[in-house]
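Below is one structure; the comments refer to it alone.
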Number of protein chains: 2
Amino acid sequence: MERKTRQYQAIFEVIAQGGRPLLSQEILELASKAVPQLSLATVYRQIKSLLEDGSIRQVQLPGQNPRYEIGSHEHDHDHGHHHYFQCRRCEKVFDVPTCPGNLDKLAPAGFMVEDHEIILYGRCGECAGENVMRKH
Amino acid sequence: MERKTRQYQAIFEVIAQGGRPLLSQEILELASKAVPQLSLATVYRQIKSLLEDGSIRQVQLPGQNPRYEIGSHEHDHDHGHHHYFQCRRCEKVFDVPTCPGNLDKLAPAGFMVEDHEIILYGRCGECAGENVMRKH
DNA sequence: TTAGTTGCAAAAGGTTTGCCGTTTT
DNA sequence: AAAACGGCAAACCTTTTGCAACTAA
């Protein structure tokens with residue numbers, strides 16, 4: 001993607017301003033405010049090219065559809081290594097900047113650990129005081 | 001599912017003897033040795049009922065198809081809480097029995113951590129000495 | 001002008017389901 | 001024989017792709 005179309009600008013803007021990883025559906029809905037006729041196919045195509053040039057990164061939680069957030073070199077320093085927190089009430093995903101460090105000792109003997117992923121689950125700041133049953 | 005059909009026995013046996021979480025495709029292939037005409041639909045239906053009665057558990061790694069392994073109460077003690085290791089060469093997934101414990105402090109202030117998941121990536125015992133390029 | 005983009009609809013890949021014939025009890 | 005189960009094909013859901021129309025440069 002080399003042209004700065006309205007679709008491109010709307011999609012990139014939404015991800016950049018999102019503040020947290022967004023689902024492709026969310027990106028479509030938010031970017032549609034700026035470009036009403038926007039199609040999901042275009043969202044996916046822009047996501048693909050933004051991923052390829054490193055502008056955004058894909059965030060995968062187990063058993064869930066992929067989310068996208070602004071890429072590492074845009075505002076990170078340590079190769080972008082960090083983790084995620086998902087709120088069990090509002091289901092939003094948030095970045096967790098810290099990392100406990102080496103987890104090599106967890107693996108069985110003879111296994112060589114090269115990397116790890118950590119996902120925390122619980123209640124985000126907004127939902128921590130709220131009742132379980134309500135939504136919004 | 002309340003009847004002990006050949007399909008049921010073959011599928012359960014494969015998961016129980018697998019030693020590691022298996023993909024539904026792998027379950028189909030392995031169980032087909034015992035029941036050649038076995039269909040994927042049956043594998044999924046048995047998986048569903050085995051999950052419901054707790055005989056097996058679902059293992060989800062980010063961005064990958066679900067795997068299944070023998071259920072917690074079958075041979076665990078601590079509610080089955082444990083983690084996983086995936087080999088980047090052979091792509092098999094292995095259980096990691098240990099857990100670093102509380103990761104509450106990683107989350108942003110105001111967030112309430114209830115649970116966590118950890119996935120390690122690297123080389124399994126068999127693949128640790130092997131060359132990156134080869135497969136098998 | 002014209003090559004890159006978009007929208008639409010169809011295709012793909014994995015999982016689920018409806019239907020109906022088969023098997024277990 | 002009745003109820004449960006299995007196989008096949010169609011349905012689903014999310015993501016990808018072919019193609020003709022559109023648009024940025």
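Proteins come first, then strands; the chains are lettered A, B, ... in the order of their sequence lines, and each starts at number 1.
Using a distance-only test at 3.5 Å, with no hydrogens or angles considered, no donor-acceptor pair links the side chain of B:Q86 to the main chain of B:V93. For B:T42 (side chain) and B:L38 (main-chain N/O), no donor-acceptor pair under 3.5 Å exists by modelled atom type.
Side-chain polar atoms of B:Q58 and B:Y68 form a donor-acceptor pair below 3.5 angstrom.
Rounded to whole Å, atom C1' of C:dG4 lies 11 Å from atom CD of A:Q46. If you measure from atom NZ of B:K48 to atom C1' of C:dT17, you get 9 Å, rounded to the nearest angstrom. Between the P atom of D:dG7 and the CG atom of B:L40 lies a distance of 11 Å, rounded to the nearest Å. One interatomic measurement links the two molecules: CD of B:Q9 to C1' of D:dG6, which rounds to 15 Å at whole-angstrom precision. In this structure, the OH atom of B:Y8 is 25 Å from the P atom of C:dT22, given to the nearest Å. One interatomic measurement links the two molecules: CD of B:Q25 to P of C:dG13, which rounds to 12 Å at whole-angstrom precision. Between the CG atom of B:L23 and the P atom of C:dG14 there is a distance of 10 Å, rounded to whole Å. The separation between A:L38 atom CG and C:dT6 atom P is 9 Å, rounded to whole Å.
B:Q37 comes within 4.0 angstrom of the backbone, heavy atoms only, and of no base.
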Run the numbers on A:E69 and A:Y84 for side chain to side chain donor-acceptor pair (under 3.5 Å), then give the verdict.
-> CA-CA 12 Å; A:E69 69 179 344; A:Y84 300 96; 2.8 Å; yes
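Using a 4.5 Å cut-off on side-chain heavy atoms (C-beta onward), A:Q9 and A:V35 make no contact.
At a non-hydrogen distance threshold of 4.0 Å, B:N65, B:P66 from residues 59-66 of chain B come into contact with DNA chain C.
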Do any side-chain atoms of residues 98-113 of chain A form donor-acceptor pairs under 3.5 angstrom with protein atoms, and if so which ones, sequence neighbours left out?
from: A:T98; atom 1: OG1; to: B:L106; atom 2: O; distance (Å): 3.2

Treat primed atoms plus P, OP1 and OP2 as sugar-phosphate and everything else as base, then score nucleotides 18-25 of chain D 5' to 3': B for base contact with protein heavy atoms under 4.0 Å, S for sugar-phosphate contact only, - for none.
-> B----BBS
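Nucleotides of DNA chain C nearest to A:T42 and B:S24 differ in position, and the one nearer the 5' end is that of A:T42.
Comment: B:K92 does not engage B:E26 in a salt bridge, judged by the lack of any side-chain N to carboxylate O separation of less than 4.0 angstrom.
Ring pair A:H116/B:H83: centre-to-centre distance not below 6.0 Å.
By the 30° and 60° cut-offs, the orientation of the rings of A:F12 relative to A:Y8 is parallel.
A sub-4.0 Å separation between OP1 or OP2 of C:dG7 and a side-chain N or O of A:Q7 is present.
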